[in-house]
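Take a look at the structure set out below.
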Amino acid sequence: MDFALSEEQRMFRDMFRNFAAKEVAPRAEEIDHAETLPGEMLRKAADQGFLGATIPEDYYGAALDNVSYAILLENLATACASMAVIVATHVSQVAMSILDFGTDAQKEEWLPALAGSEAIGAFALSEPDAGSDMLSLETRARYEGDEVVLDGVKTWVTNGELAGLFLVFARGPQGVEAYLVPRDTPGLTVGYREPTLGLRSACFNTVYLEGCRIPQSYRLGGPGAGAAIAGRAVDRMAIALAAVGLGLVESSVDVAAQYSTERIQFGVPIGKKQAIQNHIANAYVETEALRYLVYRTAWLIDQGEDFSVDASVVKAFGARIARSVTNWMLQVLGGYGFMEDYPMARKYRDARVLGIIGGPTEVHTFRVARHILAQKNLEIVPRHQ
Amino acid sequence: MDFIFSPEHQALRRMIREFAETEIAPIAAELDREHKVPFDIMRKLGEIGLLGVCFPQEYGGMGAGETGYCILMEELGRVCANTAVNVGAHIGIGAMCIHLDGTPEQKRKYLTPLARGEKIAAFGLTESNAGSDAANVRTRAVREGDSWILDGGKVFITNGGYADIITVLAVTDPALGARGGITAFIVETDWPGFKVAREEDKMGIRGSSTAELVFEELRVPHENVLGKVGEGFVTFMKSLDMGRLTLGAACLGGAQKVLEQCVYWAKTRWQFGEALAHKQTVQWMIANMATEIEALRSLVYRVAWMVDTGQPFTQLAAMCKLYGSEVLSRAVDAAIQIHGGLGITRDFPLEQAFRDARINEIFEGTNEVQRIVIASNIFREFGVRIRP
């Protein structure tokens, strides 16, 4: 076993940390209040290679290993979790799906564009009546000659408003399938944006597909391969979101620890009070546990091993820790924690959203239980237990 | 023992429920969205006598006691956290200290218009260096003939931006500190030297005013000293005890409402071929929530009964605030999980409930302060004196 980051990973970490501190942190409050990430921030991230993080060099990506990529998301999230989620969706859900399942032509067409930020990727899976339940998808794909016609409504499409390319899931004749739909395809309309509690500068849109016609060559993977593609994208995103949670908690501990040395009550810095020490120490314990679980799960991807259950483990844990740590650290700041001109309130709101997006905690917990019980020869299915 | 509300209190609850559902619930989201204090609601609540719910009839009150006041706060907490906060700061702490320690003349002059809602009150305790350490106030009051001259400032004052009357704690003898050196004053906000310095931009309760106040050579007549010179800290702590109980009542109403929303949604929302209500994960959340709410309800009204029957209740009031705020936060948190995407969008009330609920673990004494109060009371019985 070896728990040390490689020299290269340490160098990347310093670079990411530097970028987050210099380019992102000073604007984080403004970005949150405006509820938009300025386009130039994404271009700056692309200039650093972040939008092509794990895309291979052949496609002009940065070819990062998955641990370094997790460290990238973690560091972006210390400054601005919304920006980290935008990058995670773009890379983990869209670019990596193309890399994992695309044809050479699809990779050549889209991966360099995604790496260079000429197109931002959006992920369109959820529907009004099919959130966690993929079998209930109602968006239809109809084959007409060499073309596919998509009809349906997608909700909570991450990056919808920013996107040049949508990865759309629909029910075709042979089951769920995935399609690469460019923004300018007639029949595709980006609609309502959810006004969210947190991650306010990420965007979650409703997307309408009305007779949206694409060449059959835009289908990603074989006939009926959609469920496998969606599953893998959800797994990758689960790890990415846990890395975002890690960034949120470590920066929260940092803010609260600093505050506890400066805030004097009862004649001493509040950090001298055991109640505050306990809050900070417990938060730190959870942060470190999450850190190594995130890095380990990212490392599993690099080992080429199946990471589907581990992704659910880290997502469920990460969302829980993000919630509890930001909650305690807000409490350390007292009244100032509740004010929007301090960063804690934003971190607290952002963290809460992580328990819902990318599959609610209950769904990931279910997947873990199903895996454990399967080893004891008990098969469980989500329906009618 | 008797756990049934009197017919008068039952009628009071029906009246408040109807007012709250028709007048307040429809605008609750707008108050948050537009950062708007509901002056109209406060005026109407005054007109129907509710802002004097627990004050004596001779001073314009309704005389419904602490139990009646808890019923009011529970019902307001159900529909609108902002209104509950505004009313709580007005009745529960701002006007309460005049009710507790005011002279008959001060009550006639100040409590009466406050009980009728003709004037709005705030409670001026917290300062930038006196939060949990409330005895550390630095606002200074110096005697000058028949007046006191106040210099200093307060922060995080609920209703501070628009209150007409503020009870203010100031140091009158720095050598004595909290034991005899701090005095409470009744201040009218249109007096020269009173200034609202800024309004806070808060995560929640955005339909309430949280202001920073500055006093510059603010002249207060001696007759506006509340209680005895040097005993203001005691007056303020007694008021906070009352405020903490009713804060628990408001949390009770908020949590009960959230439970009802969850039951409705779990019954309506289908996933994996059945209503969410059939999932044990959801059943457990509902069962835990309901159990905690019932425990809170019993605690709140038992303590209200203790107040109305003149028994000591400081430690129990701290428990109401501590437990109530945490029960509400846990209920809202579980509700968000049950509602999924709907729980984190501003189009649905839970998102606001999540932001609003969090303040209850902080204001009117952080939950850490409540634990200190509870622990010191317990240890005192065993001869151990706790210093925070």
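A quick note: this is a predicted structure, and the numbers were derived from the prediction, not measured. Protein chains get the first letters and strands the later ones, always in sequence-line order, with residue 1 at the start of each.
- If you measure heavy-atom distances from A:Arg263 to chain B, the contacts under 4.5 Å come from the side chain alone.
- Of the atoms belonging to B:Arg387, not a single heavy atom falls under 4.5 Å from chain A.
- Heavy-atom proximity under 4.5 angstrom to chain B picks out A:Trp156 from residues 153-162 of chain A.
- Taking 4.0 Å as the cut-off between side-chain N and carboxylate O, B:Asp201 and B:Arg206 count as a salt-bridged pair.
- A:Arg171 contributes atom CZ, which lies 8.0 Å from atom OG of A:Ser136 (distance to the nearest 0.5 angstrom).
- Annotation for B:Ile93 and B:Ser239: closest pair CG2-O, 3.7 Å, computed over non-hydrogen atoms.
- In this structure, B:Glu127 does not pair ionically with B:Arg138, as no charged nitrogen and carboxylate oxygen lie closer than 4.0 Å.
- With respect to chain B, the highest number of heavy-atom pairs below 4.5 Å among A:Arg352, A:Met339, A:Glu362 belongs to A:Arg352.
- Ranked by heavy-atom pairs shorter than 4.5 Å toward chain B, the options A:Asn327, A:Asp341, A:Val353 are led by A:Asn327.
- Between A:Val255 and A:Tyr342, every side-chain heavy-atom pair lies at or beyond the 4.5 Å cut-off.
- Between B:Leu322 and B:Arg244, the closest side-chain pair of non-hydrogen atoms is not below 4.5 Å.
- The pair A:Glu29-A:Arg346 does not meet the salt-bridge criterion, since no charged nitrogen lies less than 4.0 angstrom from a carboxylate oxygen.
- B:Thr281 touches chain A through its side chain: at least one heavy atom from C-beta onward sits under 4.5 Å away, while N, CA, C and O do not.
- Comparing B:Lys202, B:Glu361, B:Gln337 by heavy-atom pairs within less than 4.5 Å of chain A, the highest count is held by B:Gln337.
- When each of B:Ile359, B:Thr126, B:Asn136 is scored by its heavy-atom pairs under 4.5 Å with chain A, the top score falls to B:Ile359.
- Using a 4.5 Å cut-off on side-chain heavy atoms (C-beta onward), B:Phe272 and B:Lys279 make contact.
- The 12-atom threshold is not exceeded at CZ of B:Phe379, counting heavy atoms of other residues, nucleotides or ligands nearer than 6.0 Å.
- Heavy-atom contacts from other residues, nucleotides or ligands closer than 6.0 Å to CD of A:Gln274 number 12 or fewer.
- Heavy atoms of B:Phe363 lying under 4.5 Å from chain A are absent altogether.
- Neither the backbone nor the side chain of B:Ala135 comes within less than 4.5 Å of any heavy atom in chain A.
- For A:Tyr336, the parts lying near chain B are the backbone and the side chain together; criterion is any non-hydrogen pair under 4.5 Å.
- Dense packing is recorded around CZ of A:Phe266, with more than 12 heavy atoms of other residues, nucleotides or ligands lying under 6.0 Å away.
- Of all heavy-atom pairs between A:Asn282 and A:Trp328, the closest is CB-CZ3, 3.4 Å.
- For the pair A:Glu340 and A:Arg349, the salt-bridge criterion is met [side-chain N within less than 4.0 Å of a carboxylate O].
- Residue-environment remark: CD (A:Glu379) stays at or below the threshold of 12 foreign heavy atoms within 6.0 Å.
- Note that CG of B:Asp32 is 3.5 Å distant from CD of B:Gln352, once rounded to the nearest 0.5 Å.
- Contacts between residues 341-351 of chain B and chain A, defined by a heavy-atom separation under 4.5 Å, are made by B:Gly341, B:Ile344, B:Thr345, B:Arg346, B:Asp347, B:Glu351.
- For B:Ile372, no part sits under 4.5 Å from any heavy atom of chain A, backbone or side chain.
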